[in-house]
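Just so it is clear, the model here is predicted, and its values are computed rather than measured. Any value given below was found using the heavy atoms of this structure, including those in side chains, with hydrogens, waters and symmetry copies removed.
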Amino acid sequence: MLDRPRQRSAKAPLHPETGLANATVQQRLVAVRSFYEYLVEDGLRERNPVRRGQSSRRGRRPRQGLVRRLEQAPWIPNENVWQRVLVACAMEPLRNRLMVALAYDGALRREELVQLAVGDFEHVHRLIHLRAETTKSQRARKVAFGVTSSELFVAYLNERRGMFGRIDGPLFRSASNRNYGKPLGPSTWSKTVEGIAHSAGVARLSTHTFRHLRLTDLARADWTIDQIAQYAGHRDLATTMRYIHLSGRELAARLHRASASIQQDRENLLAALAAVR
């Protein structure tokens, strides 16, 4: 798996290097490891040759798995790319524009977005109540949405009422003849984002990009890691750290500001030397 020639695809035509992607290798190793665990359990094998990695938590000795897992930073668009995405989104139907705005404002996962119900919105305070059964962590939480999302929400409710009547339940519904009035599924949202990515010429755009960008923007706004984790619905702060990555310019600017403050403090202390006559 690590040495075989990599097949070129439409999404990655300029990557001729050999070997499967690390995530693909990890998925296949899980299947092989599970098969050998079954053989060991039935007494057909003495041990499992596909060793499992082990972290150093709880005082355990760390142990590397058969293939090291690579942790890559999530991709987020820069300002120019984000502007192209928004231009492409502006050409979408009202429902899709609202979904994009809410996906960003609430840092929503794909499943959380499509399972939003009309009753989940507290429009006066611009809050969304995410039900526990719709979240990955199975914990309820609240997220906010902005003025633009509020305007799109009201407009979509009026459009929705004209198309499907006064109905509660899932907010986003299909307008196609095949599934008219049915709630949207995660695959439909994925296809919508793929269409936006194609129109904007941004192949790396995915349903998770809006979540990544929102959490990074919260870090830029000097939210604490605990506040961001609560907003994102993360149980582990290490997960939140993987989502948040500031650009090199932002990190350099913060370093310069911190260094300038420290340097000024040093100068103030040294000034006492000059005061001595």
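Sorted by first and then second residue, the pairs that involve residues 131-170 and meet ring pair (Phe, Tyr, Trp, His ring centres under 6.0 Å), not counting sequence neighbours, are F121-F145, F121-F153, H123-F153, Y156-F172, F164-Y180.
Side-chain atoms of R214 come within 3.5 Å of backbone N or O of D105 as a donor-acceptor pair.
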Under the side chain to side chain contact (heavy atoms under 4.5 Å, CB included) rule, what do D120 and T134 come out as? Steps first, then yes or no, please.
-> CA-CA 11 Å; D120 294 335; T134 67; 5.9 Å; no
Given the rule in the salt bridge (charged side-chain N to carboxylate O under 4.0 Å, His left out) test, do D217 and R220 qualify, once you have shown the distances and angles that lead to the verdict?
-> CA-CA 5 Å; D217 284 345; R220 291 165 173 162; 2.6 Å; yes
Test L184 against R95 for side chain to side chain contact (heavy atoms under 4.5 Å, CB included), laying out the working first.
-> CA-CA 11 Å; L184 292 187; R95 183 200 67 193; 3.6 Å; yes
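Across every non-hydrogen atom of G106 and V143, the tightest pair is O-CG1, 3.6 Å. The two residues V50 and V32 come nearest to each other via the heavy atoms CG2-CG1, 3.8 Å. Summarising the geometry of L113 relative to A103, their closest heavy-atom pair is CD2-CB, 4.0 Å, with the distance given to 0.1 Å. Heavy atoms only, all atoms of each residue included: S150 and R126 are closest at CB-CD, 3.8 Å. Scanning all heavy atoms of the two residues, the minimum distance from P170 to R160 falls at O-NH2, 2.8 Å. Nearest heavy atom pair, residue L98 against residue S149, reads CD1-O, 3.7 Å.
Surrounding CE of M1 are more than 12 heavy atoms belonging to other residues, nucleotides or ligands, all under 6.0 Å away. Surrounding CD of E133 are more than 12 heavy atoms belonging to other residues, nucleotides or ligands, all under 6.0 Å away. Within a 6.0 Å radius of CG in N78, other residues, nucleotides and ligands contribute more than 12 heavy atoms.
Note: Q83 CD to N80 CG = 8.5 Å, rounded to the nearest 0.5 Å. Going from atom OG of S137 over to atom CZ of R109 covers 6.0 Å, rounded to the nearest 0.5 Å.
Inter-residue side-chain proximity for L215 and T240 is flagged as unmet; no heavy-atom pair is nearer than 4.5 Å. Using a 4.5 Å cut-off on side-chain heavy atoms (C-beta onward), H125 and K142 make no contact. Between L157 and L171 the shortest side-chain heavy-atom distance falls below 4.5 Å.
Listed by chain and number, the residues in a side chain to side chain contact (heavy atoms under 4.5 Å, CB included) with N96 are E92, P93, M99, T192 (sequence neighbours excluded). Remark: E37 pairs with R52 by the salt bridge (Lys or Arg N to Asp or Glu O under 4.0 Å) rule, at least two apart or across chains.
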